[in-house]
Amino acid sequence: MRYQGTITHWLDEKGYGFITREDNGDRVFFHISDCPRGAIRPQTGWVVSFELTAAQNGKSAANHVYSEKFLPKAPAKPVTIRPVRPAHTSKRRRRGQLLNTLLILLAVAAIGYGIKEYYRARQLLTQAHSTPAPLGSLPAEPLAPGGTHFQCDQRIYCSQMTSRNEALYFLAHCPGVKMDGDGDGEPCEQQFGH
């Protein structure tokens, strides 16, 4: 049977003390070995429960002394404090997000504008090819010397010319030709002489 009592005397350096029983007020001897192993050492004033056993001197002694106070307290959990970010960091982040949004909007607008211009140019090109131009609006190709009619095309080298007059016409009227290496205005000198 377990009894209740209060530790009324404790000699820590000797490792023993006395418990005063609640039911009859008798003092009962107890030793540190009767307390839980690895527990906190007893203190005067603790309320404990215990069993009675016969001591060597014929008196009663406390055995299996227990109290929740013997249990070591669990260390308190360390409080984790989240670091407070400075206001300028969140402002910087908001500015970065705003800048990213603006860049995306600009890219979408540029792509939209490019697509619009592409279709506009395509429409103008289609109209130009489908609508015949009035006779007076076409530029007249000048006649080459000797009355021969020449026309600019993809030819740009002397080896592609059939006559000196044709080379002269191409040099004077067609862009990107490569027929006057020395820049004297006389095309294809090795091929046609002069």
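Here, residue 1 is the first one in the sequence, and each next residue gets the next number.
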Criterion side chain to side chain contact (heavy atoms under 4.5 Å, CB included) on I32 and R41, from CA distance to verdict: CA-CA 8 Å; I32 189 71; R41 294 183 72 83; 4.1 Å; yes
Residue pair V47, E22: steps toward the side chain to side chain contact (heavy atoms under 4.5 Å, CB included) verdict: CA-CA 10 Å; V47 175; E22 283 184 3; 4.1 Å; yes
Working for side chain to side chain contact (heavy atoms under 4.5 Å, CB included), residues Q191 and R164: CA-CA 8 Å; Q191 186 174 338; R164 179 175 177 274; over 6 Å; no
Candidate pair V28 and R21, rule side chain to side chain contact (heavy atoms under 4.5 Å, CB included), full reasoning: CA-CA 7 Å; V28 181; R21 290 175 49 174; 3.6 Å; yes
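In this structure, the side chains of P42 and F70 come closer than 4.5 Å at one or more pairs of heavy atoms. The shortest distance between side-chain heavy atoms of L168 and F150 does not fall below 4.5 Å. Contact of the I19 side chain with the W10 side chain is not registered, since no non-hydrogen atoms from C-beta on lie closer than 4.5 Å.
E166 CD to R155 CZ: the interatomic distance, rounded to the nearest 0.5 Å, is 4.0 Å. Taking OG1 of T53 as the start and NZ of K59 as the end, the distance is 15.5 Å to the nearest 0.5 Å. Here the straight-line distance linking atom CD of Q151 with atom OH of Y169 works out to 7.0 Å at 0.5 Å rounding. The OG1 atom of T44 sits 8.0 Å away from atom NE2 of H9, with the distance rounded to the nearest 0.5 Å. Once rounded to the nearest 0.5 Å, the distance linking NE2 of H64 with OG of S49 reads 11.0 Å. To the nearest 0.5 Å, the span separating CG on L98 from CG on L102 amounts to 4.5 Å.
The hydrophobic clustering, which links ILVMFWY residues whose side-chain heavy atoms are closer than 4.5 Å, places I40 and F30 together. Taking hydrophobic clusters as Ile, Leu, Val, Met, Phe, Trp and Tyr residues chained together by side-chain heavy-atom distances below 4.5 Å, W46 shares a cluster with V65. Grouping the Ile, Leu, Val, Met, Phe, Trp and Tyr side chains by contacts below 4.5 angstrom, directly or via other members, places V108 apart from L105. Put simply, F29 and L11 are part of the same group of oily side chains (I, L, V, M, F, W, Y) that touch within less than 4.5 Å, one to the next. Linking Ile, Leu, Val, Met, Phe, Trp and Tyr whenever their side-chain heavy atoms come within less than 4.5 Å puts Y3 and V48 in one cluster.
The two atoms that bring D180 and G185 nearest to each other are OD2-N, 2.6 Å, heavy atoms only. Smallest separation of non-hydrogen atoms from Y66 and R2: CB-NH2, 3.7 Å.
Using bins of under 30°, 30° to 60° and over 60° for the plane-to-plane angle, the ring pair F18/Y16 lands in the perpendicular bin.
Atom CZ of R122 sits in a sparse spot, with 12 or fewer heavy atoms from other residues, nucleotides or ligands closer than 6.0 Å.
Side-chain contact of R27 with T20: a donor-acceptor pair under 3.5 Å is absent, judged by distance alone.
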